[in-house]
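All chains are named by letter (A, B, ...) in the order of the sequence lines, taking the proteins before the strands, and each is independently numbered beginning at 1. All of these numbers come straight from a predicted model, not from anything done at the bench. Just the heavy atoms: all of them, side chains too, but no hydrogens, waters or symmetry mates, feed the values below.
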Amino acid sequence: MSDQPNDFIRQRIKQDIADGTVSGGVVTRFPPEPNGYLHIGHAKSICLNFGVAEEFGGYTYLRFDDTNPLKESDEYVDAIQADVAWLGFHWGDHLTFASDYFDQLYEFAVQLIEQGKAYVCSLSGEEIRVGRGTLTEPGTDSPYRDRPVSENLDLFERMRSGEFPDGAHVLRAHIDMASPNINMRDPVLYRIRHAPHQRTGDAWVIYPMYDFTHCICDALEGITHSLCTLEFEDHRPLYDWVLDNINVNFHPPQIEFSRLGLEYTVMSKRLLNQLVDEGSVSGWDDPRMPTLAGLRRRGVTPGAIREFCRRVGVTKQDNVVEMNLLEFCVRQDLEATACRGMAVLDPLKVVITNYDGAGETLEAPWHPQNAELGVRELTFARELFIERADFELEPPRKYKRLSPGAMVRLRYGFIIRCDEVITDDQGAVMELRCSYFPDSRSGSDTSGLKPKGVIHWVSAEDGKPTEVRVYDRLFQTPNPGAASLADDLNPKSLVLRQAVVEPAVMASDERRFQFERLGYFCKDDERPDAFNRTVTLRDSWRPPA
RNA sequence: UGGGGUGUCGCCAAGUGGUAAGGCACCGGGUUUUGAUCCCGGCAUUCGCAGGUUCGAAUCCUGCCACCCCAGCCA
């Protein structure tokens, strides 16, 4: 919660400020491609980029990297903005799109051509691939590599005007086909795509590639620290090459950090997409998804995600963080803020044989440590439901719940004793007959009885039957593989329960609750009478050996 | 077999030549009308391995080893 992070990137920034390398404040950017939903891995980047700008008195651009009209759409740009805002970060009026710079990008490309540093290559895609060589063998020069400048200029202009079909030509950087870094073997800068763009419509039929676009946008926006993930490390020489060879007076440093890995889930857009397409989940916002939309629907708070990102840190080490850290952050946040309530997920009927009143009202605090949250009323009556798991015909040693002849306290209510167990032909427990101790009422207990345990309960008549979705990890394998995605799915990642919930919880405007002894739950966005389990409570009980 | 990275406790992660922070998890114990929370305590003689430099090395040097990324007209 406290401790300002001081990772290697922040150390670098402090050094830059001390050196006078950055004068006007730190400017960063979060540059998502609008072709999918944001996930918790993006949250790490968002927290980093917006975080450092905030800490060092600067600002952050939310810049959509929309250079590939075939894959991108407005649906995603809206969702991404909603997610970033939900996480708690603000870009103010620094909302941009790579496509805002298409004109300038084109001019910079012309500059490169004029200097003989870019050329129009008319090889086919396949020929370019072959010509690039392999990891261990150098590439070979394109036959078009030394086209005269005037011809390149003319061809590029005609590419833009729509004269050629897709794939007929590309603009390539003139660097080094023998470079050990494959990204430097005359990378493609522009390709022809006769496709309407979601923002520029049909204004363009050529679109710039990432490597050409990203660095220039960074420079034009005065990004003082261009933070990206490790897989772009190999692209840094190209990032620098482009900026060194065009007439732009700003050159941001690209600094790479490792992406977030999380156990029992996947973090690539491709795999997430596959889960949605194959119907393994209900959508991008399925509460089992690691997407921000999914986590939100699950009941995870933005604060918990921010805290998680802070605790995870920023380094260059590959990492796979245990799910229990995320769960810890969620519990920590909800423990302090969530109202308590009672719900029985797997009801077992209990009849209080010596109670013949019509029912009586009990009072319970919404939060045991925070009286400001107030109280709510519960009804104690002759027929109740308790959790099936809170009764054991043959209890293990140290068992603190209910069993034949044993006593237990009903949370906020009375102490009861199990006198009789009703079973069916198969021996399955159908109902419990118990007696209660009238002088053991919570808060005014004069019975002198000291039952070992406390269990939750809901009045049978008052309790509201409703659906509770009990979520668990999406995969049963810590590091699910792309090849075995379907096989790795956890068949119990979603269990539907017909539960009974106390009426005050149903009536409350609150969304998130702790159902005592069970976990944290959240009213579903789309179906507010149903609850999604966010996370269980920590449970250190295990039967003695 | 080319290039770029990374290797510190089960998982994250500090440490930048002066003798291994912290968190999560885990294991004790205390409080408790949630087997929760909270509170105390424990948890790396050792930093991928092997040599070397040094009074002193996780930190410097040399050589190995392991893992990750790169051959889209994706980002």
Side-chain angles (χ1 to χ4, degrees), chain A residues 3 6-7 11 31-33 35 65-68 70-72 121 123-125 128-130 132-139 166-172 179-185 187-193 206-207 209-211 213-214 228-237 256 258 260-261 263 269-270 308 310-329 331-332 335-336 340 342 364 368-369 398-401 408-413 415 442-443 445 450-456 478 514-519 536-542:
Chain A
D3 294 347
N6 189 38
D7 49 75
Q11 288 176 33
E33 181 186 13
N35 70 340
D65 218 332
D66 58 347
T67 56
N68 188 353
L70 262 30
K71 293 187 175 177
E72 299 150 5
C121 179
L123 253 22
S124 69
I128 288 179
R129 189 182 65 73
V130 170
R132 192 153 28 226
T134 69
L135 294 178
T136 53
E137 299 158 321
D166 288 6
H169 309 281
V170 292
L171 183 71
R172 287 230 257 173
S179 173
N181 181 345
I182 291 184
N183 294 302
M184 299 298 271
R185 318 237 263 229
V188 172
L189 267 21
Y190 267 90
R191 75 289 215 187
I192 300 171
R193 279 247 203 296
I206 56 172
Y207 292 94
M209 299 287 288
Y210 165 86
D211 286 305
T213 308
H214 202 83
C228 64
T229 43
L230 251 28
E231 67 271 27
F232 291 102
E233 214 149 19
D234 287 342
H235 294 243
R236 190 175 352 122
E256 311 84 7
S258 54
L260 171 72
E263 281 190 343
K269 279 186 196 171
R270 186 175 72 79
F308 172 74
R310 190 188 70 74
R311 284 172 181 266
V312 153
V314 178
T315 68
K316 300 188 71 153
Q317 269 148 259
D318 288 338
N319 59 85
V320 182
V321 178
E322 290 178 345
M323 195 57 103
N324 66 42
L325 182 62
L326 210 210
E327 294 183 340
F328 167 82
C329 294
R331 290 188 190 110
Q332 177 181 256
E335 157 64 27
R340 308 298 138 112
M342 292 198 285
Q369 275 89 236
K398 298 197 176 175
Y399 191 69
K400 289 165 64 171
R401 311 174 200 177
V408 75
R409 159 150 251 128
L410 295 177
R411 179 79 163 150
Y412 306 123
I415 294 170
S442 189
D445 183 355
K450 295 281 179 243
K452 284 176 294 185
V454 181
I455 63 173
H456 59 277
Q514 181 197 100
F515 288 159
E516 294 205 51
R517 303 209 310 130
L518 295 175
T536 62
L537 249 31
R538 184 162 169 269
D539 181 12
S540 57
W541 157 250
R542 72 256 172 259

Between B:A36 and A:Ser540, is there an OP1 or OP2 to side-chain N/O distance shorter than 4.0 Å?
yes
Look at the side-chain N and O atoms of A:Arg191 and state whether any lies under 4.0 Å from the OP1 or OP2 oxygen of B:A75.
yes
Would you say the base of B:U34 and the side-chain of A:Arg517 have a donor-acceptor pair closer than 3.5 Å?
no
Have a look at B:G72 and give me syn or anti from its glycosidic angle (syn if within 90° of zero).
syn
In the strands shown, is B:U45 matched to any nucleotide by a Watson-Crick or G-U wobble pair with both distances under 3.5 Å, and which?
none
Are A:Tyr210 and the base of B:A75 stacked, counting only ring centres nearer than 5.5 Å and planes tilted under 30°?
no
Does A:Gln317 make a side-chain N or O approach to OP1 or OP2 of B:G7 shorter than 4.0 Å?
yes
Distance criterion of 3.5 Å, no angle test: do you see the side chain of A:Glu322 paired donor-to-acceptor with the base of B:G10?
yes
Select from A:Glu335 and A:Asp211 the residue whose nearest nucleotide in RNA chain B is closer to the 5' end of that strand.
A:Glu335
So, OP1 or OP2 of B:A75: does either fall under 4.0 Å of a side-chain N or O from A:Arg270?
no
Output the single nucleotide from B:G10, B:C73, B:U34 whose closest atom is nearest the side chain of A:Glu516.
B:U34
So, do A:Asn68 and A:Tyr207 sit near enough that their side-chain heavy atoms are less than 4.5 Å apart?
no
Does any donor-acceptor pair link the side chain of A:Arg401 with the base of B:G35 at a separation under 3.5 Å?
yes
Does A:Asn181 get its side chain close enough to the base of B:G4, under 3.5 Å, for a donor-acceptor pair?
no
Does a nitrogen or oxygen in the side chain of A:Gln332 sit under 4.0 Å from OP1 or OP2 of B:U37?
no
Which nucleotide, in any strand shown, forms a Watson-Crick or G-U wobble pair with B:A66, with both distances under 3.5 Å?
B:U6
Could you tell me whether the side chain of A:His235 has a donor or acceptor atom within less than 3.5 Å of a complementary atom in the base of B:A75?
yes
Of A:Asp7 and A:Met209, the one whose closest RNA chain B nucleotide lies more 5'
A:Asp7
hbond_proxy A:Ser442 side chain to B:U33 base (donor-acceptor, 3.5 Å cutoff):
yes
